[in-house]
J.: 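Please find one structure pasted underneath; my questions will follow.
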Protein chains: 4
Amino acid sequence: MAERTSSADLRRLILDTTRHLLVEKGYADLSMRKIAKAIGYSATSIYLHFENKDALFHALIEEGMERLLAELKQAEAAHPGDPVARLEALCQAYVHFGLENPEYYEIMLLLHPAHMARYPADKFRRARRNLDVIEAALIDGVNQGVMQATNTRVSTSVIWAALHGAVSLLNAKRVDIRIAHKDLIAETVRHTLRGCCPSLER
Amino acid sequence: MAERTSSADLRRLILDTTRHLLVEKGYADLSMRKIAKAIGYSATSIYLHFENKDALFHALIEEGMERLLAELKQAEAAHPGDPVARLEALCQAYVHFGLENPEYYEIMLLLHPAHMARYPADKFRRARRNLDVIEAALIDGVNQGVMQATNTRVSTSVIWAALHGAVSLLNAKRVDIRIAHKDLIAETVRHTLRGCCPSLER
Amino acid sequence: MAERTSSADLRRLILDTTRHLLVEKGYADLSMRKIAKAIGYSATSIYLHFENKDALFHALIEEGMERLLAELKQAEAAHPGDPVARLEALCQAYVHFGLENPEYYEIMLLLHPAHMARYPADKFRRARRNLDVIEAALIDGVNQGVMQATNTRVSTSVIWAALHGAVSLLNAKRVDIRIAHKDLIAETVRHTLRGCCPSLER
Amino acid sequence: MAERTSSADLRRLILDTTRHLLVEKGYADLSMRKIAKAIGYSATSIYLHFENKDALFHALIEEGMERLLAELKQAEAAHPGDPVARLEALCQAYVHFGLENPEYYEIMLLLHPAHMARYPADKFRRARRNLDVIEAALIDGVNQGVMQATNTRVSTSVIWAALHGAVSLLNAKRVDIRIAHKDLIAETVRHTLRGCCPSLER
DNA sequence: AATGAATGAGCATTCATTCAT
DNA sequence: GATGAATGAATGCTCATTCAT
């Protein structure tokens, strides 16, 4: 089984398998042993690519952050001029990423602070870049007079919180099963925009 | 060692200590032994008051549900006539509860679905009753023409998601430290109300 | 629940309940707690009547020995003259006792030597009285010329072993299910008698 | 600590040590820890060779079954023609195996039914094959007119029970210490043969 | 006579990690 | 690059027993 995978491939395989197991079992029920078994290598092999369990998860977090950033950037690229359309696209992209990548979302945002304490602070700061993309749209909107915000930093976090709330409740299967996911998402985005753009009539 | 604590007191002590440890260490890192050590009793003693670990957490979940419901009911009682003021009070109460009782909030709402399977579904169904209080205010508001909602069930979940997002990000210390908690909360509530009450000028 | 039972009654209740649990769960899965729960008293109460777990079981063993002896004596009483008929009755009585009282049989005869080491030696000697009854029949038979044995002590143990083998295999459900218990017993007794009484034509 | 033992050796060491402890302490008092301590390895190491405690005992049962069958086959091979001599050899071999391998005998035949449920039924069905060897000799004897049996299946179990009774009482040290083991065995075998072979004059 | 409270020791099992090869 | 062998520490839980009341 260990025949064809090159070193880089194995690293990838470990990361991907860990992600998949994360969805099935959750962070707490994931062990190096189980990952090793799932990839068909010995547990020791994982240590050749990651210093320890923390390092493996940190790599996954970092990767998730980058992927989310990429998706956000791609989303806003489609709406260069219109800040409102851009903000809407960013909201949609954020929620879409969270629902499509529950594993990344889990380790990135649902890990208990006690675990995050071991996550290097400098990488943490990078996480904030994702919010900067949203804030930039907000600032543009305010400057163009189509949005309203006393403090764009605060408003950004409010928007983020609303999106995060929807994503995490949906992923955790806490939302009333009679509500269609897309309805909740659509309404969440609408609420969010209405909160920023007073003139909006949707 | 356990000289003065009566039986009922010890049960309370276990519950309270577990709650506190929950904030410090998180659900995944909590063991019967750690709880026992924290209260200065043997691990065996816990089993005198709770059949097993699940039963202990279970009791905590139930307690949390009841307390939240009590706070919501108390909050709405202060605004019998005005649905908007009532909804605002409910939002404030929800967030307040979540921030003041991060431990209850954690077991009630941040448990991974994989773990939730171990807790009786009917207990969680009861959680939805808390949302009913919010939905009732929304329905009243719509009926009185001061709120707007295509589907109150969906709107309720949207409001809940926004509040939950704010609470969980704040509790997880994910929010930019330069943002004051009360600013984020105030703005979240304002956004939420603006999303439902089109005529609102705040 | 503890209302009507007098002290002696409770002792009796403990002994009987322990016997019944013994059949269901086996010696290894029996705990003081489980006995207490089954009788509806606290575990501590058992210690008022028995010094410890060993003492409880020793009492049960002793009781079993006495009951078996009583049954053997009653069996031989019906055949005062004929040693062969007496021996046959004794064999039947022994097997009958073992199959009807699997709990007594288990603690009396199937306990691991390591456990029996704690059983007081003098009471152990009393156990041998049961065999004396059989040996007496054998000696009578030899004296009357209807039985044959080089050494009655050895022959007694051989008879006992054959009966014990049948009882313990039946109780342990090791015997081919297609064989009716009574057939095995009848044939075992026949074999046993044939082994002692050369003239027998059955 | 475990300097020279290879992997296969350690597996063997675990099996052998477990067997020995089985005689000393009995099945009920055997723990993975105790086995580990006895071999000078950590408890965890045992799990490197056996999935769990059941699997370990399981392997021992299987091994015991095979060894007994081998001894029975070897015993009968020495007496191809004469069914009586063959049956005698089989009885001797059975008793010999039981006395020489009290540990195998204990897990194979003295396990409480409540515990047996944990071991695969088919393994125990295999145990019956050992009896088939005895029954075959009986059938041959009956066909050649030197033995007598109404039902060979029942007679086989009767013989087995007599042998098992002797083995288990001796192993459990229940037999009067004044009786030499070999006397009891010799007499048991003689009884057994006399029970089947009416013409026998021994 | 009866009990609730308490515990230390023990159980099978899993874990992340190290080390020699 | 990869592994098998090994382990100390931890997990939830049960046990027989003691003690004050």
Side-chain angles (χ1 to χ4, degrees), chain A residues 1-3 5-7 9-11 28-36 40-54 56, chain B residues 1-3 5-7 9-11 28-36 40-56, chain C residues 1-3 5-11 28-36 40-56, chain D residues 1-3 5-7 9-11 28-36 40-56:
Chain A
M1 191 171 267
E3 299 192 11
T5 30
S6 81
S7 178
D9 285 350
L10 181 51
R11 197 189 133 93
D29 279 354
L30 240 187
S31 74
M32 297 299 257
R33 256 222 221 343
K34 283 174 187 165
I35 298 169
Y41 279 77
S42 78
T44 329
S45 298
I46 302 178
Y47 287 89
L48 294 172
H49 296 87
F50 300 95
E51 200 189 331
N52 53 31
K53 204 187 176 188
D54 275 352
L56 166 55
Chain B
M1 197 172 262
E3 305 202 3
T5 31
S6 86
S7 179
D9 285 350
L10 181 50
R11 195 190 135 94
D29 278 356
L30 243 187
S31 74
M32 296 301 257
R33 274 162 161 77
K34 282 176 187 163
I35 298 169
Y41 279 77
S42 77
T44 320
S45 292
I46 301 179
Y47 288 90
L48 258 32
H49 296 87
F50 299 94
E51 202 187 331
N52 52 34
K53 202 188 177 189
D54 277 353
L56 167 55
Chain C
M1 193 167 261
E3 299 190 13
T5 29
S6 81
S7 178
D9 284 350
L10 181 50
R11 196 189 134 94
D29 280 353
L30 238 188
S31 73
M32 296 300 257
R33 255 220 223 342
K34 283 174 188 166
I35 298 169
Y41 278 77
S42 79
T44 329
S45 298
I46 302 178
Y47 287 88
L48 293 173
H49 296 88
F50 300 95
E51 200 188 333
N52 52 32
K53 205 186 177 189
D54 275 352
L56 167 54
Chain D
M1 195 170 266
E3 304 201 2
T5 29
S6 86
S7 179
D9 286 350
L10 181 51
R11 195 190 135 92
D29 278 356
L30 243 185
S31 75
M32 296 300 256
R33 275 161 161 76
K34 282 176 187 162
I35 298 169
Y41 280 77
S42 77
T44 322
S45 292
I46 301 178
Y47 288 87
L48 259 31
H49 295 89
F50 298 94
E51 202 187 331
N52 50 35
K53 202 188 175 188
D54 277 352
L56 167 54

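Residue numbers begin at 1 in each chain, while the letters A, B, ... track the order of the sequences.
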J.: Using 0.5 Å steps for rounding, measure from the NE2 atom of C/His49 to the OG atom of C/Ser45.
T.: 8.0 Å
J.: Please report the interatomic distance CZ(A/Arg11) to CG(A/Leu48), rounded to the nearest 0.5 Å.
T.: 12.5 Å
J.: When the distance from CZ of B/Arg11 to C1' of E/dA6 is rounded to whole Å, what number comes out?
T.: 18 Å
J.: Can you check whether C/Ser45 has a side-chain N or O nearer than 4.0 Å to OP1 or OP2 of E/dT3?
T.: yes
J.: Let me confirm one number: the NZ-CD1 distance from D/Lys53 to D/Ile46, rounded to the nearest 0.5 Å.
T.: 10.5 Å
J.: Provide, to the nearest angstrom, the distance between the CD1 atom belonging to B/Ile46 and the P atom belonging to F/dT14.
T.: 13 Å
J.: Taking the nucleotide of DNA chain E with the closest heavy atom to each, which residue, C/His49 or B/Ser42, is nearer the 5' end?
T.: C/His49
J.: Please report the distance, rounded to the nearest Å, between CG in C/Asp9 and P in E/dA1.
T.: 13 Å
J.: For the residue pair B/Ala55 and B/Glu51, what are the closest heavy atoms and their distance?
T.: CB-N, 4.0 Å
J.: In whole Å, I'd like the distance from the CZ atom of B/Phe50 to the C1' atom of F/dC13.
T.: 16 Å
J.: What is the distance from CG of B/Asp29 to C1' of F/dA9, rounded to the nearest Å?
T.: 14 Å
J.: In whole angstrom, what separates D/Leu56's CG from E/dT13's C1'?
T.: 14 Å
J.: To the nearest 0.5 Å, what is the distance between OG (C/Ser42) and OH (C/Tyr47)?
T.: 11.0 Å
J.: Counting just side-chain N and O atoms, does A/Tyr41 come under 4.0 Å of either OP1 or OP2 of F/dT3?
T.: no
J.: Using a 4.0 Å heavy-atom cut-off to protein, can you give one letter per nucleotide of nucleotides 16-21 of chain F, 5' to 3': B if the base is in contact, S if only the sugar-phosphate is, - if neither?
T.: BBBB--
J.: Could you grab the distance from atom OH of D/Tyr41 to atom CG of D/Leu10, nearest 0.5 Å is fine?
T.: 5.0 Å
J.: Name all stems that contain residues of DNA chain F, defined as runs of 3 or more consecutive Watson-Crick or G-U wobble pairs, both distances under 3.5 Å.
T.: E:2-21 with F:2-21
J.: Quick one: CG on A/Leu56 to CE on A/Met32, what's the gap to the nearest 0.5 Å?
T.: 6.0 Å
